[in-house]
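These notes concern the structure reproduced below.
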Amino acid sequence: MDIRPNHTIYINNINDKVKKEELRRALYALFSQFGQIVDIVAMKTVKMRGQAFVVFKELTAATNALRQLQGFPFYNKPMRIQYAKTDSEVISKMKGTFGDKEKKKEKKKKAQEAAAAAANATKKPAAAPGTTAQTPAVQVPDNPPNHILFLNNLPEETNEMMLSMLFNQFPGFKEVRLVPGKHDIAFVEFESDTQGGVAKDALQGFRITATCAMKITYAKK
């Protein structure tokens, strides 16, 4: 019954009401914390509904993701995760169900996501002209420690679910608050300053998409 560990993990029991593109982005945001992702396959065909494959570059990343996210409440349904039967299962699924157009689209996305994951793996966001990678944001100097964090430089497609998935892995997480009418900023509340600081350091510069490195500071008291 046990399947041998490999680079590809198979996820099922996914909420099938989630749109394909949103699902891919959310899976990427959640799983890329464990290591470089080579590909994500999520299809809306009848046969593949509620399922996805995530292919990691490193075997250890796949193993850690499987252990730590088993049963994780993803869009209000606990994820069931196991290793794919073989690493090539994901390729055969794609070949069997994707048309030529889809293959081209997937290839392009794959290249973008691999680049984003590689950038994220270095843990150093690309510096904008005139700034250093260590500077959270020129116009937002950091404030004294606070249990509430202020996030900016978020991509347009960011939603509460995505940010909650990123931050609730840290002890003391309470809630995410989005700002109506402003997609690029949000607040995240923790139980203590220290717990907020741990999350801030760990996710500083995290890329939700290839182009947006998240900037985190303590919120003003």
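None of the values given here were measured: they were computed from a predicted structure.
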Requested in this report: Could you check I9 against Y83 for side chain to side chain contact (heavy atoms under 4.5 Å, CB included), going step by step and ending with a plain yes or no?
Outcome: CA-CA 4 Å; I9 57 173; Y83 294 110; 4.3 Å; yes
**Report entry** Within 6.0 angstrom of N76 CG, more than 12 heavy atoms from elsewhere
**Finding:** no
Query raised in the report: Would you find more than 12 non-hydrogen atoms of other residues, nucleotides or ligands less than 6.0 Å from K77 atom NZ?
Result: yes
Quick one: salt bridge (Lys or Arg N to Asp or Glu O under 4.0 Å) partners of [X], sequence neighbours excluded?
| X | value |
| --- | --- |
| K174 | E189 |
| D184 | none |
| K19 | none |

Hey, could you give me the [atom1]/[atom2] distance between [X] and [Y], rounded to the nearest 0.5 Å?
| X | Y | atom1 | atom2 | value |
| --- | --- | --- | --- | --- |
| M79 | N15 | CE | CG | 12.0 Å |
| L27 | M162 | CG | CE | 9.5 Å |
| H147 | E191 | NE2 | CD | 10.0 Å |
| N6 | K85 | CG | NZ | 12.0 Å |
| N168 | M161 | CG | CE | 8.5 Å |

Of the non-hydrogen atoms in [X] and [Y], which two are nearest, and what is the gap between them?
| X | Y | answer |
| --- | --- | --- |
| R24 | A42 | CG-CB, 4.2 Å |
| A199 | L149 | CB-CD1, 4.3 Å |
| P171 | F190 | O-CD2, 3.6 Å |
| I11 | F31 | CD1-CZ, 3.7 Å |
| A186 | L163 | CB-CD1, 3.8 Å |
| F34 | L69 | CE1-CD1, 3.4 Å |

Query raised in the report: Honestly curious: do L178 and F206 fall in one hydrophobic cluster under the side-chain, below-4.5 Å linking rule?
Result: yes
Report task. Report yes or no: do L59 and I81 belong to one cluster of Ile/Leu/Val/Met/Phe/Trp/Tyr joined by side chain heavy-atom distances under 4.5 Å? Result -> no
Heavy-atom donor-acceptor pair, [X] side chain to [Y] backbone, under 3.5 Å:
| X | Y | value |
| --- | --- | --- |
| D39 | V55 | no |
| K57 | H7 | no |
| Q204 | I216 | yes |
| Q33 | L30 | yes |
| N13 | P78 | yes |

Query raised in the report: Do the ring planes of F187 and F150 sit parallel (below 30°), tilted (30 to 60°) or perpendicular (above 60°)?
Result: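 Tilted, since the angle between the ring planes falls between 30° and 60°.
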**Report entry** Plane angle bin for F53 and Y10 - parallel if under 30°, tilted between 30 and 60°, otherwise perpendicular
**Finding:** tilted
Given side chains that start at C-beta, do those of [X] and [Y] come closer than 4.5 Å, heavy atoms only?
| X | Y | value |
| --- | --- | --- |
| L154 | K215 | no |
| I185 | L151 | no |
| M165 | F74 | yes |

Query - E22-N159 side chain donor-acceptor pair, cut-off 3.5 Å - result: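 The answer is yes; a qualifying pair exists.
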Query raised in the report: Between D193 and K200, is a salt bridge (Lys or Arg N to Asp or Glu O under 4.0 Å) present by the stated rule, with each step listed?
Result: CA-CA 10 Å; D193 298 4; K200 173 179 170 288; over 6 Å; no
Report task. Report the C-alpha distance between Q51 and R49 in whole Å, list the side-chain angles of each, state the deciding distance to 0.1 Å, and finish with yes or no for side chain to side chain contact (heavy atoms under 4.5 Å, CB included). Result -> CA-CA 5 Å; Q51 304 163 70; R49 193 177 291 157; 5.7 Å; no
Query - K220/D142 ion pair, N-O < 4.0 Å - result: no
